[in-house]
Amino acid sequence: MTIQLYNTLTRRKEPFQPLEKDRVHFYVCGPTVYNFIHIGNARVFVFFDVVRRYLTYRGYEVHYIQNFTDVDDRLIKQSIEEGRAVPEVAESYIKAYFEDMDDLGVNRADVHPRATEHIKEMQDAIRALIKKGYAYEVDGDVYYRPLKKEDYGQLSNQPLEELKAGARIEMNDRKDNPLDFALWKKAKPGEISWDSPWGKGRPGWHIECSAMARKYLGDTLDIHAGGMDLCFPHHENEIAQSEAWTGKPFARYWLHNGFINMGAEKMSKSLGNVERVRDLRSRYTGRELRWFLLSAHYRNPISFSDESIRQIGGAIARIDTAVTNLSHRIGAALDGEAEKVMRERLRTLTVDFEKAMDDDLNTANAISVLFEGVHLANELVARDVVSRGSLEAVLGWLNHFGGDILGLVKTTREVDLEAEIEAKIEERQQARRDRDFSRADAIRDELAAQGILLEDTPQGVRWRRK
RNA sequence: GGCGGCAUAGCCAAGUGGUAAGGCAGAGGACUGCAAAUCCUUUAUCCCCGGUUCGAAUCCGGGUGCCGCCUCCA
């Protein structure tokens with residue numbers, strides 16, 4: 001079974017076949033670091049983090065690149081507002097970005113190239129495009145002519161006529177055509193700038209991805225991903241430039257994720273309902289947010305609300321309890337290998353998990369398979385007789401698929417109880433043996449107040465943190 | 001105007017031809033000193049109207065409602 005991916009370029013699911021058999025060249029459009037990222041940005045980074053992990057699990061050597069746009073109009077604007085230089089602003093939000101991502105369990109990309117560190121590569125690209133007649137200079141600006149290639153509009157499925165007719169014309173009479181876009185922007189006085197053959201200026205937005213993707217991944221990418229809104233014009237323009245520049249197809253699979261709505265309305269700055277990850281982290285755990293982002297299929301919209309996250313909390317508790325109970329039961333289990341029937345059931349779960357992920361990365365279904373694993377774990381824990389091998393096999397399965405791949409299951413073991421609390425538990429056990437239940441209940445309540453929940457089982461007292 | 005998406009239980013959410021996954025919440029039962037956890041059982045005229053088909057949430061046509069993109073917004 002091969003992985004099927006919905007390719008925006010062809011508007012259907014296609015079997016995934018990288019250019020090189022076992023290697024995947026994967027580029028994700030990263031954030032513009034002019035501010036803290038919001039939950040919508042996070043969806044991109046969390047989801048494609050899972051895609052990368054899954055492809056790695058499937059045996060591919062994944063080269064995963066995600067850029068930082070660290071110079072553009074918004075950064076310049078922000079730097080004026082904050083009274084700090086652009087590089088300083090960028091640096092601080094890059095740092096913030098990593099803090100947010102660490103909390104959401106997103107792994108680092110292989111390289112996080114920054115636009116400002118690739119000015120030379122971009123200038124090379126621009127020079128080449130001018131030479132080929134795709135770009136032209138006008139008084140320190142350089143523009144690209146997307147219409148020179150007749151297949152422009154292919155990715156976003158926009159007929160050229162419509163693009164021409166519907167273009168909201170930017171008031172700029174220096175362009176030959178309204179659809180032309182800037183590769184290089186002339187610096188205004190006082191703005192951050194770099195020397196170039198066209199005078200002092202800075203790169204346009206689209207060219208950075210083309211230049212950096214080529215540098216780190218080569219002429220043709222296997223997967224290029226980002227939010228749906230980047231489809232037009234950003235990705236369309238990247239294709240135009242890159243293909244004009246290299247003469248090769250730019251990317252083979254284009255993946256775009258859907259948006260997050262705030263309740264029923266779209267999240268937007270003008271509505272003032274943008275939820276920053278930074279702020280959400282003070283209310284929710286990174287895991288809850290990550291789970292929320294993976295709980296629906298990536299191309300579907302998801303609606304953010306406190307109620308949805310609250311429900312996620314219940315689901316997480318179910319899995320955590322199963323993991324805790326499994327660990328506790330392992331302590332009292334008989335030595336022994338995993339039963340054959342158990343290995344077979346886990347094998348089936350693995351197949352189901354792969355089936356879900358192979359079908360256009362259906363994390364919602366993958367999570368439901370995780371719960372089948374939880375159910376299996378709970379059945380085992382409740383048995384009078386069970387081998388340690390079986391318990392460990394299930395725990396290992398949950399950790400691997402729920403933890404390593406989805407990043408949702410906590411793989412760290414609880415630290416040992418402090419001696420004081422252990423003494424309390426023993427004291428309560430003695431009270432129970434003496435049938436002094438009011439004393440026993442009082443101790444249980446006392447620990448509960450500290451967030452320690454006690455559960456009596458045939459294998460002794462089990463505890464977990466609330 | 002152009003391109004596209006969505007409508008499934010109280011809530012979240014899978015499911016693209018064979019009589020509805022999973023989670024949250026609820027109800028009943030088992031287990032327990034009481035709990036908790038868990039297990040079992042239980043909760044859906046799949047937005048409406050037509051059509052195709054032996055058979056449709058799934059395909060086609062028509063409605064209704066909501067939403068996104070159409071130059072720098074994930």
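In the text below, chain A, chain B and the rest are named by the order of the sequence lines, each starting its count at 1.
A cation-pi arrangement is present between A:Arg214 and A:Trp245 under the rule of less than 6.0 angstrom and at most 45 degrees off the ring axis. Judged by a 6.0 Å distance limit and a 45° cone about the ring axis, A:Arg318 is not positioned over the six-membered ring of A:Phe371. Under a cutoff of 6.0 Å and an axis angle of 45°, A:Arg108 and A:Phe98 form a cation-pi pair. For the pair A:Arg145 and A:Tyr134, the NZ or CZ position fails the cation-pi test of under 6.0 Å to the six-membered ring centre and within 45 degrees of the ring normal.
Nearest to the side chain of A:Gln311, among B:rC12, B:rA14, B:rA74, sits B:rC12. Taking every side-chain heavy atom of A:Ala364 into account, B:rA13 is the closest of B:rA13, B:rG22, B:rU71. Minimum atom distance to the side chain of A:Arg74 is reached by B:rC73, of the listed B:rA21, B:rA14, B:rC73. Of the candidate nucleotides B:rC72, B:rA14, B:rA74, B:rA74 has the atom nearest to the side chain of A:Asn257. Nearest to the side chain of A:Trp205, among B:rG23, B:rA13, B:rC72, sits B:rC72.
Across all strands shown, B:rU52 has no partner, as no Watson-Crick or G-U wobble contact with both distances under 3.5 Å is found. In this structure, B:rA30 and B:rU38 make a Watson-Crick or G-U wobble pair, each of the two defining distances being under 3.5 angstrom. Under the Watson-Crick and G-U wobble criteria, each requiring two contacts below 3.5 Å, nucleotide B:rC72 is left unpaired. Using Watson-Crick or G-U wobble geometry with both donor-acceptor distances under 3.5 Å, B:rC6 finds its partner in B:rG65. Pair assignment for B:rA57: none, as no Watson-Crick or G-U wobble contacts are both less than 3.5 Å.
Looking at heavy-atom distances under 4.0 Å, A:His256 makes no contact with the nucleic acid at all. Counting any heavy atom pair closer than 4.0 Å across all strands shown, A:Gly314 reaches sugar-phosphate atoms only and no base atom. Using a 4.0 Å heavy-atom cutoff across all strands shown, A:Ile260 reaches at least one base atom of the nucleic acid. At the heavy-atom level, A:Lys13 lies nowhere under 4.0 Å from the strands shown. Using a 4.0 Å heavy-atom cutoff across all strands shown, A:Phe371 reaches sugar-phosphate atoms only and no base atom. Note on A:Gly258: a base of the nucleic acid sits closer than 4.0 angstrom, heavy atoms only. Residue-level contact check: A:Asn365 touches the bases, meaning some heavy atom is under 4.0 Å from a base atom. Counting any heavy atom pair closer than 4.0 Å across all strands shown, A:Asp73 reaches no nucleic acid atom.
Within the 4.0 Å cut-off from OP1 or OP2 of B:rC3, not a single side-chain nitrogen or oxygen of A:Asn157 is found.
Distance noted for atom P between B:rA25 and B:rG17: 34 Å (whole Å). Distance noted for atom C1' between B:rG65 and B:rG55: 30 Å (whole Å). A gap of 7 Å separates the C1' atoms of B:rU64 and B:rC48, to the nearest Å. Look at the C1' atom in both B:rG10 and B:rA37: the space between them is 25 Å, to the nearest Å. Using C1' as the reference atom, B:rU38 and B:rG4 are 46 Å apart when rounded to the nearest Å. With both ends at atom P, the span from B:rG51 to B:rU41 equals 39 Å, rounded to whole Å. B:rU43 sits 11 Å from B:rA21 when the P atoms are compared, rounded to a whole Å. Rounded to a whole angstrom, the distance from the C1' atom of B:rA44 to that of B:rG15 is 14 Å.
Between the C1' atom of B:rC6 and the CG atom of A:Asn300 lies a distance of 8 Å, rounded to the nearest Å. When the C1' atom of B:rG4 is taken as reference, atom CG of A:Leu155 falls 13 Å away, rounded to whole Å. The distance from atom NE2 of A:His234 to atom P of B:rU71 is 16 Å, rounded to the nearest whole Å. A straight line from CZ of A:Arg299 to P of B:rC69 spans 18 Å, rounded to a whole angstrom. Going from atom CZ of A:Phe304 over to atom P of B:rC12 covers 14 Å, rounded to whole Å. Straight-line distance from the CD atom of A:Glu208 to the P atom of B:rC72: 16 Å, rounded to whole Å. Look at CG on A:Asn261: it is 19 Å from P on B:rC73, rounded to the nearest Å. Between the CD1 atom of A:Ile76 and the C1' atom of B:rC72 there is a distance of 13 Å, rounded to whole Å.
Note: A:Tyr93 and A:Phe68 fail the aromatic proximity criterion, with ring centroids not under 6.0 Å apart.
A residue-by-residue look at A:Pro301 and A:Ile316 shows that A:Pro301 has its nearest nucleotide of RNA chain B further toward the 5' end. The 5' end of RNA chain B is approached more closely, in terms of each residue's nearest nucleotide, by A:Ser308 than by the other of A:Ser308 and A:Val369.
A donor-acceptor distance shorter than 3.5 angstrom exists from the side chain of A:Tyr136 to the backbone of A:Asp176, with no hydrogens or angles considered.
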Checklist line | nucleotides 26-38 of chain B: protein proximity per nucleotide (B base, S sugar-phosphate only, - neither; heavy atom, under 4.0 Å) | finding: -------BBBBSS

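Judged purely by distance below 3.5 Å, without hydrogens or angles, the side chains of A:Ser327 and A:Thr324 never pair a donor atom with an acceptor atom. If you check the side chains of A:Asp358 and A:Gln4, you find no donor sitting under 3.5 Å from an acceptor.
By the 4.0 Å N-to-carboxylate-O rule, A:Asp49 lies close enough to A:Arg290 to be salt-bridged with it.
The closest side-chain heavy-atom distance from A:Ile302 to A:Phe259 is not below 4.5 Å.
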